[in-house]
Number of protein chains: 2
Amino acid sequence: MDGCSGTSEVPAMVVGGGAAGTPAASRWNPTKEQIDMLENLYRQGLRTPTADQIQEITGRLQTYGHIEGKNVFYWFQNHKARQRQKEKQDHLSLFRQYNHHHRHLHQPPFVHIPPPPNGPYF
Amino acid sequence: MDGCSGTSEVPAMVVGGGAAGTPAASRWNPTKEQIDMLENLYRQGLRTPTADQIQEITGRLQTYGHIEGKNVFYWFQNHKARQRQKEKQDHLSLFRQYNHHHRHLHQPPFVHIPPPPNGPYF
DNA sequence: AGATTATGAATGAATG
DNA sequence: CATTCATTCATAATCT
């Protein structure tokens, strides 16, 4: 939970000694096969896999290299988010004076004005 | 996929007033002290603080920086949820993805909130 | 080598 | 309490 706000960040202890053979990855680096498979799943419509699906996928991808459940989880989160962001960018750059793409943005007639959890709490 | 680089900065609807100097934090950025204290409370067994407790905690944390009740509320929600997910992920691999014996962390009726090191009180 | 880009990771906020 | 979205930070990859 640090994110990075604190400027006084203790430099993470990079695992792995000076041993040359062990890169000691600080973060997961997917192999081509893994990416290919993940993108394939995404293409097939999978957007936010459930815990079970993540488990399943992780297990299969482990044959191509080290990978954990959270990596799969983050991959889908990021991929989806950035795909969405791309679309936003596209529409922002060249605003079509014609009909703008819909994008099911269901907006209730009058949206709730974020009255934060004032409900039972404050 | 950019993310943060300043290729084409898309200024979202930053709420900040026209005032220049104000960083206009769009979202709460906890300080180290605040996080430390929150984690400490969590360690002591506090999981879902009541409205009163939230108020109390918020008041104390305000000495370290700007913070609102909803931030405290959300922090506990998120921390608990993510701690749970972590445990799930750590113990994946083998069977028993379901129905793990969860420890009953009984929440004490009143949690002692340690006063700040140099608090305004004595 | 340093700058830039792509993307993994983290977390605040919100909704169901 | 779970699930999801958005934004940001950190860093591997890549380019120049």
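A, B, ... follow the sequence lines: proteins, then strands. Residue 1 opens every chain.
Heavy-atom distances under 4.0 Å link DNA chain D to A:Arg27, A:Asn29 of residues 27-42 of chain A, given in residue order.
With hydrophobic clusters built from ILVMFWY side chains whose heavy atoms lie under 4.5 angstrom apart, A:Trp75 shares a cluster with A:Leu46.
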Both distances under 3.5 Å, Watson-Crick or G-U wobble: on that basis, could you give the dot-bracket string for DNA chain C, with [ ] for crossing pairs and | for other-strand partners? ||||||||||||||||
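Summarising the geometry, the separation between CD on B:Gln83 and P on C:dA10 is reported as 12 Å, rounded to the nearest angstrom. Per the geometry, CG belonging to A:Leu61 stands 12 Å off P belonging to C:dG8, to the nearest Å. B:Glu68 places its CD atom 10 Å from the P atom of C:dA14, with the value rounded to the nearest Å.
Between A:Gln34 and A:Ile67, the shortest heavy-atom distance links the atoms NE2-CB, 3.9 Å. Scanning all heavy atoms of the two residues, the minimum distance from A:Thr48 to A:Gln77 falls at CG2-OE1, 4.1 Å. Scanning both residues, A:Pro49 and A:Ile57, for their nearest heavy atoms gives CB-CD1, 4.5 Å.
Distances shown here put a side-chain N or O of A:Ser26 below 4.0 Å from the OP1 or OP2 atom of D:dA12. When the side-chain nitrogen and oxygen atoms of A:Tyr74 are compared with OP1 and OP2 of C:dA10, one or more of them lie within a distance under 4.0 Å. Residue A:Lys70 has a polar side-chain atom (N or O) positioned under 4.0 Å from OP1 or OP2 of C:dA10. Not one side-chain nitrogen or oxygen of B:Asn71 sits closer than 4.0 Å to the OP1 or OP2 atom of C:dG12.
Every residue meeting the side chain to side chain donor-acceptor pair (under 3.5 Å) condition with B:Glu33, not counting sequence neighbours, appears here in chain and number order: B:Thr31. Looking at residues two or more places apart in sequence or on another chain, you find a side-chain contact (heavy atoms from CB on, under 4.5 Å) between A:Thr50 and A:Asp52, A:Gln53. Qualifying ring-ring contact (aromatic ring centres under 6.0 Å, His included) partners for A:Tyr64, counting only residues two or more places apart in sequence or in other chains: none. Residues satisfying the side-chain contact (heavy atoms from CB on, under 4.5 Å) test with B:Lys32, not counting sequence neighbours, are none. Scanning for side-chain contact (heavy atoms from CB on, under 4.5 Å) contacts around B:Asn78 gives B:Tyr74, B:Arg82, with sequence neighbours left out.
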In a table with atom names and distances, give each donor-acceptor pair under 3.5 Å that connects a side chain of residues 37-44 of chain A to protein atoms at least two apart or in another chain.
none

Could you run down the sub-3.5 Å N/O contacts of the protein with nucleotides 3-5 of chain D?
residue, atom, partner, partner atom, Å
D:dT4, OP1, A:Thr48, OG1, 3.3
D:dC5, OP1, A:Lys80, NZ, 2.7
D:dC5, OP2, A:Lys80, NZ, 3.0

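Using a cutoff of 4.0 Å between basic side-chain nitrogens and carboxylate oxygens, B:Glu56 and B:Arg60 are scored as salt-bridged.
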